[in-house]
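Okay, so here's the structure we're looking at.
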Amino acid sequence: MEIDTFRSETRAWLEANCPADMRTPMGEDDICWGGRKFVFRSPAQKQWLEVMAAKGWTVPAWPKAYGGGGLSGDEQKVLTEEMQRINARPPLQSFGIWMLGPALLQFGSEEQKRHYLPQIARGEIRWCQGYSEPGAGSDLAGLQTKGVDTGDHFEVTGQKIWTSYADKADWIFCLVRTEPDEKKHTGISFLLFDMDSAGVSTKPIKLISGASPFCETFFDAVKVPKDQIVGARGQGWTIAKYLLTHEREMIGAADSALFAKSDIAADAMSAIGLDDTGRLDDPMLRAELGQFLVDEICFDTHLDMTGTYMRAGHELGARSAELKYLGTELNKRRQSLRVAAGGSDDLVWEGAANDAGQAAKDWLRSKANSIEGGTSEVMLSILSKAVLKLPG
Amino acid sequence: MEIDTFRSETRAWLEANCPADMRTPMGEDDICWGGRKFVFRSPAQKQWLEVMAAKGWTVPAWPKAYGGGGLSGDEQKVLTEEMQRINARPPLQSFGIWMLGPALLQFGSEEQKRHYLPQIARGEIRWCQGYSEPGAGSDLAGLQTKGVDTGDHFEVTGQKIWTSYADKADWIFCLVRTEPDEKKHTGISFLLFDMDSAGVSTKPIKLISGASPFCETFFDAVKVPKDQIVGARGQGWTIAKYLLTHEREMIGAADSALFAKSDIAADAMSAIGLDDTGRLDDPMLRAELGQFLVDEICFDTHLDMTGTYMRAGHELGARSAELKYLGTELNKRRQSLRVAAGGSDDLVWEGAANDAGQAAKDWLRSKANSIEGGTSEVMLSILSKAVLKLPG
Amino acid sequence: MRMELLSEDQQLIADSAAGFLRDGHGIAAFRALREAGEDANSAILGELAEMGWMGIVLPEALGGVGLGYRAAGLIVEELGRHLTVSPFVSSAILAGTALASAGGDMAQNWAPRIATGDAVVALAMDEAVKHRPERIATTVSGASGALTLTGRKTFVVDGGIADRLIVTAKRGDDLCLVLCDPQAAGVSRTPQVMLDHRNAATVIFEDVAIAEADILAQGATAEDVLAKTLAAGRAIAAAEQLGVAKAAAEQTYDYLRTRKQFGVLIGQFQSLQHRTADLYCELAQVSSLIASALNALDEGSAEVETLTRAAKAKMARVGRQATEEGVQMHGGIGMTDEMDLGLFMKRDRALTEFLGDAGYHTEWILRQRGI
Amino acid sequence: MRMELLSEDQQLIADSAAGFLRDGHGIAAFRALREAGEDANSAILGELAEMGWMGIVLPEALGGVGLGYRAAGLIVEELGRHLTVSPFVSSAILAGTALASAGGDMAQNWAPRIATGDAVVALAMDEAVKHRPERIATTVSGASGALTLTGRKTFVVDGGIADRLIVTAKRGDDLCLVLCDPQAAGVSRTPQVMLDHRNAATVIFEDVAIAEADILAQGATAEDVLAKTLAAGRAIAAAEQLGVAKAAAEQTYDYLRTRKQFGVLIGQFQSLQHRTADLYCELAQVSSLIASALNALDEGSAEVETLTRAAKAKMARVGRQATEEGVQMHGGIGMTDEMDLGLFMKRDRALTEFLGDAGYHTEWILRQRGI
């Protein structure tokens, strides 16, 4: 069978090309985000990105013409499995891969695809996403940032919020109201521009976890050449909706880059110990953990089956909201259980013994899971209307 | 202190007058509902009703002029405690006591009070409540049953549903649309009439528990004399709302007549047994039971504190919805835990060994708790608007 | 709802099951049986056998069609949806799996009769009010040639109509699976009607004479056979409960789309929308879990125990959610016997208890994780 | 919200506490302390003492005002609402209760100093990551006249700033409460900043020389004193957590009334209305439970243990609900450090762990019921 050949070749290639340092567990600081400002943590990290990018395996599903690997669904699964087998780290992670890429593949011109996609694949340009605005929140279609048509370019003025790593990104893909006379949903365009453009500034937002992964981003008469629009004028909402679906799948899928998926059962046992019957010496916590474990097994099988479904060429559509909802609510429970198991040790902030309070920080961070990328409430409303066809 | 005198006198009187047979645990069939059709289960039951009614203690809070005991809040509490002390059964229970009485006391004419209240207090007339209609459900104000003004009486035509024990009641208090030209809420009147009137018929509704405590009730041109209206024409909605508050307090308060408050912990232990550490040999069920017990303790203190608050002369108002919601949701959990503890024994329907499947029947019955007297959803909506002042 | 890719064969089975049951074996039929006080529905057995369903998991060598557990799951989900009364789970799945796994003469004798519907075989394992199949007080004792079976079994589903019982017992420290004729001297059974209008029996064995040949399996083999049998039964029971829950949910979705209250469709109320959507998500993910458990049985995967138990545990919670939300969202009418919701709620309750509830299986998973 | 009838004295205390804390000791003050890296807020102690709060539960004979636990609960609820940092719970309540219950010379020496704010005394009892005060590895050993204290205590709230520590230890099989000077030779303490920006210390005792006179109570007396102390601490901690939860809930109600999304006020969304109303009901009933627990302490009722533990257990769940719903309903803005919700969430978390979480106390109630 061809797929077996692919597997053995992949295994051999990974064996030969994945540096030993790239086969160890990865902390949040070890993620390779790429981009003009990125500083590699080690030569191995740089080398791993380069060899994978050369094979197109930073984006294995994308066509080869755009810097991708051109792999089939089954081949992608094999690649994932073989990488997991040797604990190979992902060579590159980025919003370009997760979001802009899919949007360009679907809506971009051939020229745009050939220009932007390979830059993403090679980790040369780091992208951020300019969607939410202060005062809009979940109501994306109500956005106010305007792009005034001045002939050869749009002049963009306004403010975005929750722009992930805007202070570290090179370019932004951004929703801008370019057709002021159109209705809410049809007046928005999808623009791309350089964060080094004149008139762009960013300000990090401090979160309750102490971290600042998000920014407020300000645009003051930023000039955006007209060929940097994706799709047609006024098509921005359509593209954004398509992209939100991708984002939801990604957040729901909850890969290790987003959620610290520690072994809570083992953590609890080492922190709390067992009683005379060999059970965790905290019966109520144990019961809560039991319910969580069953739900985790359940969600994992669902995710797995959904992956197979999508690799067979099906679209999830509105049902991506289902994964987003289930996955993020589950992760909130995971992180709550983790700090409960850690007890007073995990209350210490920046402690030496508790990995600088990482569990508490992950717990606080997790509260945003059911807000970012569409709140749980928005997901449930989508499902009730688009899937269950309940009346508006 | 005067209250101590009252206590000792009450204790002595109860000791002398409460028959021994009326000091034993009471099953559902042992309730004394009174009324023209009621058949006493024993001479003791009849005697107990008569002596208590003579003292006005079937309705201790009502004024003596209307057949009540005229007791103060503190005295009522003492009477309750002294009755509980000797396990004395309630001498009489009825919708007349719980609902019509409070409505008449608030809205009735002096003549009506002197006529109807003593009949209720002595258990001579059993009342039922005609509120809900098919197609209206929670939307009481949308009711259709009409009362046409024909000069000296109203001619009532329409259909009610969920009329508790309509087939056993003597009279009905009933919401009827008498002012067809008024708005939804202001066209309704509160009428009283005899269930033996020409044109009244009832049909029991079979529930999933197998029991039929409710009826559909049909009115075909029933003649109701005009002096059998409580309050003014069109005031029915105001009276109904007042009464619903009383009903909610009653259902929330969950006295033993409504909810079988068995000792689930003891039941579970005898059905399942203990493990080597002395814990219930079913850790997950035990954990659920633990959460329930904490919530039960909590609700009991809240109910107790609310009782003190009301006896001090405060009105609960919309907050009766809080008791109704918490009390009924708690009872649903109680009954679910009870059947879970009973395991396969409690699956047997009409079994000899399991009290004719009583646990399963109570469990099924409890599902109606959060529907009858206003659904949990309606309660939460009331609270969000009337108490939290959230926007409409 | 289903995220799973079904094979053509599987899709065919699912469709034909839905069609067959809709036409004449639906909830109306269940109500008719109940009115008639008939809890065996013996008429259906021949039809199920004819379609090959009673031999669905049996290999051809034992008279079956060998289509496996995933296919059986598709059938039983429809049985659940239509509340169809039949000995499918007890005889075709539990006894079928036990006989096929044990092999030998007994399997040769009885499995083909199960497949043809000529015999119903039931599993007698529970002894207490909660499912604890590992705790067995029933014994096989005496010298070879003079063996007797003694004990008491409860909640023997279809035990009242079975031609043979597979009884779990201890012979010294060894587990035994004994094939026992309920007509034999010393056996007394008390059939009982359950709240879901199914038949289950309490069976007492008093010094019942058995032969060595009646012992289907013993010791480690018996442990394996029983584990396989229970795993299969649990995944299949979960699939049946899924059918019940889906039917309850679909009636509720429909009600929300059509019922008016306060002048609007109740499906317009956002709090009901969100709760319904949550239920939908839970049903979707438990569908995947149950399918994975059944696939694991067919593949003989190492994950069989974990997945079948997780499926049974999770389905108990989702089934309760589906039926409780159904009744609550229907309001008073949902409490009446006239509506199907109460029937779903009762069936759901019985299926939760059958072969272990959420707590029992969650406990196992906790133990497996070493805590 | 409160269904309880307060006495005139109690209402006076509640009002004056709210006023005092609003004016200069509110959340702005907390943020300023945090910016300054100051976790002791030593400035407030004198003010609290002056108002009589540090001696609120101490009898007049010990320099207190003897207003009791219900009054203390009204104060601490306001401390919770305003996130005020102070040694009120550790010193006035825990140490105050321990000293007053134990009586004797130590109480005469130290209780008045607690009341005047001249000394802070903290309780050192936890040894593991979860609160299990009954499991003590710390020992008092040696012959009378040459006694030493050895062990390790964690999560000693205000342990870093305390002038004395009341340490739980075992002397043979006897429980001992030892009053120990943290400056003594052999004591080393590591103060730590917690996620709620409170001070807690890990304290190690290595052969610390103590006198018989340092033993506040021993044996059955010590058991009684500790039980009383913990019961009081739990009810008071629950009352503080109630204040935190109410503040979070009130900010959320306000947000729902004023924030627009999709062109409407978000408080118009029914699913948020229902969840908010549920939260309101939970806060209302847990208020009654906490008040009952505090009243029971004042009355010396037999229900003290049950009510204080139930209050701590229930409040942990309601507190979590209030802060989580607050963040979720605020959306992204609720996750920012600029808003108070994150501060409430962190404080709520720490209070849940302090003196035993919901699981620990629920377990006790289960045991008490014999299961």
Side-chain angles (χ1 to χ4, degrees), chain A residues 135-139 142 264-299 329-330 332-343 371 375-378 380-381 383-385 388 390-392, chain B residues 135-139 142 264-299 329-330 332-343 371 375-378 380-381 383-385 388 390-392:
Chain A
S138 293
D139 182 16
I264 310 173
D267 287 357
M269 188 167 62
S270 74
I272 297 172
L274 302 180
D275 71 9
D276 292 344
T277 61
R279 295 187 179 103
L280 185 71
D281 198 6
D282 191 329
M284 295 297 295
L285 178 64
R286 181 174 179 272
E288 206 180 331
L289 196 51
Q291 288 216 346
F292 170 78
L293 290 174
V294 168
D295 286 342
E296 189 178 53
I297 292 167
C298 182
F299 181 70
E329 294 294 337
L330 188 68
K332 289 201 294 184
R333 286 169 59 201
R334 175 184 292 120
Q335 300 302 343
S336 283
L337 281 164
R338 200 173 143 211
V339 289
I371 296 169
T375 62
S376 283
E377 290 79 8
V378 167
L380 293 172
S381 286
L383 289 166
S384 78
K385 276 150 204 159
L388 293 175
L390 297 186
Chain B
S138 293
D139 182 16
I264 309 173
D267 287 356
M269 187 166 65
S270 74
I272 296 172
L274 303 180
D275 72 9
D276 292 344
T277 61
R279 296 188 178 102
L280 186 71
D281 199 6
D282 191 329
M284 296 295 297
L285 178 64
R286 180 173 179 274
E288 207 180 330
L289 196 50
Q291 288 216 344
F292 170 78
L293 291 174
V294 168
D295 286 342
E296 190 179 52
I297 292 167
C298 182
F299 182 71
E329 294 294 336
L330 189 70
K332 289 202 295 182
R333 286 168 60 201
R334 176 183 292 122
Q335 300 302 341
S336 282
L337 280 164
R338 197 172 146 212
V339 289
I371 297 170
T375 63
S376 283
E377 290 79 8
V378 168
L380 293 173
S381 287
L383 290 166
S384 78
K385 276 150 205 158
L388 293 175
L390 296 186

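Each chain gets a letter, A, B and so on, in the order the sequences are listed, and its residues count up from 1.
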Out of curiosity, B:Asp275 CG to A:Thr277 OG1, how far, rounded to the nearest 0.5 Å?
-> 6.0 Å
For A:Ala287 and B:Met284 the tightest heavy-atom approach is O-CE, 3.3 Å
Could you tell me the separation between the CD atom of A:Gln291 and the CD atom of B:Glu288, rounded to the nearest 0.5 Å?
-> 7.5 Å
